[in-house]
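Nothing fancy with the numbering, it's 1 onward along the sequence.
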Amino acid sequence: MSRKRFASILLCLIMAISLASTAMALDPGPDFYVTDEAGVLSRETVDYVISVNSELEELCGGQIVIVLVDYFGDVYADEFTVSLFNDWQVSGSGMLLAASTQENRGGITVGSEIEGSFPDSMKSQYLDRYFWDDFDDGSYDEAVTNLVGSLYDWYQDEYARNGDGISFFERLISFIIRNIFLIIFLVLVLMIVLADRSRYRRYYFGLGIPIPRYHFWYIFGGPHHRYRGPRPPRGPRPPRGGFGGPRPPRGSGFGGRSGGGFGGRSGRSGGSFRGGGGRSGGGFGGRR
């Protein structure tokens, strides 16, 4: 190997080590929440990130730290990000985003208190949806403000579910808004059940007997729904032999014989009468 080639390789190694050591030894900026070593963010964006963090720390103690550099060098983005997170002592419920403007690499790491709620898949999802498109186009202010705003919304939703840092009244309003249709449905069902229970009690009270226990499924066909009012009283049962009246005694009737005498000619006479009858029937997300 020639001396010239050896010197070139050595120089490259020195520059790589220098870049890596510079990146790993990066100190936070004066605003802590925003360290813009690449010099690509406006003052408005920096102030926005600071204001969001002020509200976030008051809400739950969380932090969203943004770090932009020109190069990571030979250091992987996840190693760089995790090292800064630990060295800068970001809160256990905080996040740190680090990205290099010249390499288009970077990612998010989070504290141990929220790593179960904000896994690697969510980190990649948030970066793809709110950050990378604008960042790759050089719209760094839009990329940072969109990502920070969406992460703040995530904190609000997460801690509203857990009930941390939010008053009871705020949690109640949030619950009602998210479940308004379910609440209306349950209220209607309750009103129907109460009205049917009242009808059930009136039914047994009218019968003059103890009121049995009511069950909500009686609205689909309880005993008080099958009842159609009192039955009319039955009339007296007709005697056997049909509706023609009692059977006459033997030896009498219109077609019988006369036992008396008669002083003249007597002709034969006879007749009969029949009674009638009828019928019935019913970790880490980003670009390394």
Side-chain angles (χ1 to χ4, degrees), residues 48-49 51-64 91-95 97 108 110-131 145-235 281-283 285:
Y48 171 74
V49 176
S51 65
V52 167
N53 275 279
S54 298
E55 296 180 15
L56 192 59
E57 291 218 38
E58 183 178 351
L59 173 68
C60 60
Q63 296 173 335
I64 302 175
S91 71
S93 58
M95 303 181 180
L97 164 75
I108 299 175
V110 303
S112 58
E113 295 179 15
I114 61 172
E115 59 184 353
S117 303
F118 203 84
D120 292 346
S121 59
M122 290 188 65
K123 299 169 190 173
S124 299
Q125 177 184 351
Y126 271 71
L127 288 171
D128 291 339
R129 181 177 298 179
Y130 303 107
F131 186 75
T145 54
N146 289 339
L147 180 63
V148 170
S150 63
L151 292 176
Y152 178 74
D153 292 339
W154 176 85
Y155 272 104
Q156 284 190 313
D157 293 339
E158 178 66 18
Y159 282 86
R161 285 193 296 270
N162 295 335
D164 297 329
I166 299 178
S167 67
F168 171 79
F169 180 75
E170 292 173 325
R171 294 199 303 271
L172 179 61
I173 294 298
S174 177
F175 174 81
I176 291 175
I177 293 175
R178 292 198 306 268
N179 301 278
I180 183 66
F181 294 107
L182 177 61
I183 292 173
I184 292 175
F185 172 76
L186 293 177
V187 169
L188 290 176
V189 170
L190 180 61
M191 292 175 62
I192 293 172
V193 171
L194 291 177
D196 191 67
R197 182 174 180 269
S198 177
R199 177 182 177 183
Y200 177 84
R201 295 177 64 86
R202 289 197 306 270
Y203 163 71
Y204 279 102
F205 183 79
L207 295 179
I209 61 176
I211 301 175
R213 183 178 181 181
Y214 176 82
H215 300 281
F216 71 90
W217 55 82
Y218 284 172
I219 62 176
F220 302 108
H224 53 306
H225 291 286
R226 297 191 294 268
Y227 179 68
R228 295 293 183 269
R231 295 180 179 179
R234 293 183 178 181

For the student: nearest non-hydrogen atoms of [X] and [Y], plus distance:
| X | Y | value |
| --- | --- | --- |
| Ile219 | Tyr214 | CG2-OH, 3.3 Å |
| Ser91 | Gly61 | OG-O, 3.2 Å |
| Leu147 | Leu97 | CD2-CD2, 3.6 Å |
| Glu158 | Ser117 | OE2-OG, 3.1 Å |
| Arg213 | Tyr218 | O-CE1, 3.8 Å |
| Tyr152 | Ile64 | N-CD1, 4.0 Å |

Judged by atom type as modelled, is there a donor-acceptor pair below 3.5 Å linking the side chain of Ser124 to the main-chain atoms of Ser121?
no
Distance-only, no hydrogens or angles: does the Tyr155 side chain make a donor-acceptor pair with backbone N or O of Ser93 under 3.5 Å?
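Such a contact is found between Tyr155 side chain and Ser93 backbone.
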Spacing of [X] atom [atom1] and [Y] atom [atom2] [to the nearest 0.5 Å]:
| X | Y | atom1 | atom2 | result |
| --- | --- | --- | --- | --- |
| Ile108 | Leu151 | CD1 | CG | 5.5 Å |
| Ile192 | Leu188 | CD1 | CG | 6.5 Å |
| Ile114 | Tyr159 | CD1 | OH | 6.0 Å |
| Thr145 | Tyr130 | OG1 | OH | 13.0 Å |
| Leu59 | Ser54 | CG | OG | 12.5 Å |
| Asp196 | Tyr203 | CG | OH | 13.0 Å |

Ring centres under 6.0 Å, that's the criterion: do Tyr204 and Tyr200 meet it?
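Between Tyr200 and Tyr204, which both carry aromatic rings, the centre distance is below 6.0 Å.
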Stepwise, does the side-chain contact (heavy atoms from CB on, under 4.5 Å) test hold for Phe118 with Met95?
CA-CA 10 Å; Phe118 203 84; Met95 303 181 180; 3.9 Å; yes
Can you tell me how the ring of Trp217 sits relative to the ring of His215, calling it parallel under 30°, perpendicular over 60° and tilted otherwise?
parallel
Below 4.5 Å, heavy atoms only, C-beta onward: do Leu190 and Leu186 meet side chain to side chain?
no
